[in-house]
Amino acid sequence: MKRIGVFLLVIMIIFGLSACGTDNKPSSHAGDSGNAVSTQENKTDNKMSGADVPDGFVQISGGTFQMGSPDTEDWRSEDETAHSVTVSDFYMGVYEVTQKEYQEIIKNNPSNFTGDELPVENLTWYEAVAYCNARSEKEGLTKAYTVDGKNVTWDRSADGYRLPTEAEWEYACRAGTETPFNTQTSISPEESNYFGHYPYLIEENYFSQEKLDTEPGEYRETTVAVDSFSPNAWGLYNMHGNVGEWCWDYYGAYADGEQTNPTGAETGTRRISRGGGWNDFAKHIRSAYRASAPADRSSAAVGLRLVRNAVEMEGSIVDTEQKKDTGKGDGNTLIVFFSWGGNTRGIAQEIQSQTGAELFEIELVHPYSNDYDTVLDEAQRDQNEQARPEIKNHVENIEKYETIILGYPNWWASIPMPIASFLEEYDLSGKTIVPFCSHGGGRFGQSLTAIAKLAPQSEIGEGLTVSYSGGGSLPEDIGKWLEQNGISKK
């Protein structure tokens, strides 16, 4: 791990700020947030005093940039539509919030991996908001958020700690770059903490790795200290990998046209996190990649980074969690799974033996090859094209099921496309989807985000990851997981 001296850090920050250039300074005008906003105005000519900014923060000079990714970027998602965005000046934490910092305020540590200088993780969006408020209170600052159940109001004039908007996060991550990563076209495991066996573009070069800009490297299988690796040009560490970072915004399509200080969709069912984590493939730690999850769900690969206003802002944003449909069916449970090598099928059968629930295996009109090397190519091809393979069999009366236990192998760090075909075929509004996944080291990867995007009106239960076929502890692991989700056993 790499520590950088205070003197060198200051020099890098000065360099990074000068790199922003005066041409990137936004003009002073009202912002278009896309949210329900009252008297929202950005007074960019009225700078706040830097004397009150705590150590470990850097001023990000505002400017205009292309948010999202161009159509030519490999492994981009459809929700990354490129558009022009202007953000105002803000202060951002140089590091992800550490477990030591979190414990000093909250007095507990939810993290899966433990260590004072490791990033805090395994906390929900609501817990991230609560930390911002608690730290603001301790330091005598005005709280940014008012929380009323699941409704959170952001006081944009507050000088306290807050989460970055999605636009602020991407602007800071890019640090003036327009490439997939702030390290340009690729990123190595020596520059970032991710699933290093799978660098950028590995999918189409799995058998010809000499063509890769970055070759496979170390997979650490854990978080690392927040000051690891080198910072980006603006002095920010670990914007790619280590842990994803909660943002303020609800997940939704980007608004049309040019935007100034956007804050996301007015309502939603999922919150955004950015940057990817220690168990993500390189394609999912790109500057433009958007992860989403229910605000009350946590992950060992998601933490937070703090922001404070650097210019005076006005108005409040009242975000209301979108109510999901409540037509849940008759209380029945259906186990749905797609399996290629048999691991997922074996897990599904064990779940059925403990619950007595009905079992439905997704079969394709045109099945994937039985050859391992061939199916690797077929799987990445379908993911890259966002294909929807045609399903041969179908569920009758999906309406009668309240809970869908959904199983699949982790293919290229996401769901196999037959799972996408299933999720789009049926109206699962108001139902609870409880995922389980067989994997070879990447756990869920970004498969939960994929499910969340495809089934926005469904509840997402606590997931279960199983290494390959699960071994001798599988029955016990499944039993505990079923209890955790309140699923009855026979």
Side-chain angles (χ1 to χ4, degrees), residues 93 96-99 101-114 118-137 143-154 160-166 169 223 242-252 263-265 267-280 290-307 317 319-324 432-435 443-444 446-449 451-453 455-456 458-465 481 484-486:
E96 297 155 336
V97 172
T98 67
Q99 293 176 29
E101 290 173 318
Y102 190 85
Q103 285 180 290
E104 287 175 348
I105 301 295
I106 304 298
K107 308 306 180 187
N108 66 54
N109 184 4
S111 302
N112 183 67
F113 307 104
T114 55
L118 297 181
V120 66
E121 27 84 3
N122 208 32
L123 74 167
T124 68
W125 184 88
Y126 291 112
E127 289 170 332
V129 163
Y131 174 78
C132 291
N133 277 353
R135 181 161 167 176
S136 296
E137 283 190 300
K143 293 189 299 183
Y145 304 117
T146 300
V147 182
D148 179 15
K150 291 189 174 182
N151 298 334
V152 180
T153 300
W154 171 16
Y161 297 102
R162 62 178 177 85
L163 302 177
T165 65
E166 189 180 10
W169 189 95
T223 56
N242 209 24
V243 290
E245 299 166 13
W246 283 117
C247 294
W248 161 258
D249 309 46
Y250 277 121
Y251 173 76
T263 54
T267 62
T269 60
R270 315 290 192 236
R271 293 284 183 174
I272 289 286
S273 68
R274 287 297 210 106
W278 56 271
N279 63 331
D280 280 316
R290 311 172 72 199
S292 67
D296 59 359
R297 287 289 180 264
S298 61
S299 166
V302 177
L304 78 157
R305 184 186 302 263
L306 299 181
V307 162
I317 300 176
D319 267 19
T320 303
E321 184 171 59
Q322 184 176 328
K323 292 183 179 180
K324 304 179 184 71
T432 298
I433 298 175
V434 183
R443 301 193 188 185
F444 278 118
Q446 285 293 327
S447 63
L448 296 184
T449 279
I451 293 170
K453 292 178 180 181
S458 299
E459 298 285 348
I460 305 294
E462 293 291 341
L464 173 70
T465 59
W481 169 65
Q484 186 180 19
N485 282 285

key: Among Leu448, Thr269, Ile460, the one residue meeting side-chain contact (heavy atoms from CB on, under 4.5 Å) with Pro294   = Ile460
request  = Without swapping roles, check the side chain of Thr432 against the backbone of Gly461 for a donor-acceptor pair under 3.5 Å.
outcome  = no
So, do [X] and [Y] sit near enough that their side-chain heavy atoms are less than 4.5 Å apart?
X      : Y      : result
Pro164 : Arg305 : no
Glu96  : Thr223 : no
Leu304 : Glu245 : no
Ile451 : Pro435 : yes

inquiry  = When you compare the side chains of Thr124 and Asp296, does any donor N or O come within less than 3.5 Å of an acceptor on the partner?
reply    = no
task = Classify the side-chain pair Asp280/Gln446 by whether it contains a donor and acceptor separated by less than 3.5 Å.
result = yes
Within 45° cone of Trp248 ring axis and under 6.0 Å: Arg271 NZ or CZ = yes
query = Who pairs with Ser299 by side chain to side chain donor-acceptor pair (under 3.5 Å), at least two apart in sequence or on another chain?
reply = none
ask   = Excluding sequence neighbours, so at least two apart, what forms ring-ring contact (aromatic ring centres under 6.0 Å, His included) with Tyr131?
value = Tyr102
ask   = Of all residues at least two apart in sequence or in a different chain, which pass the ring-ring contact (aromatic ring centres under 6.0 Å, His included) check with Trp169?
value = none
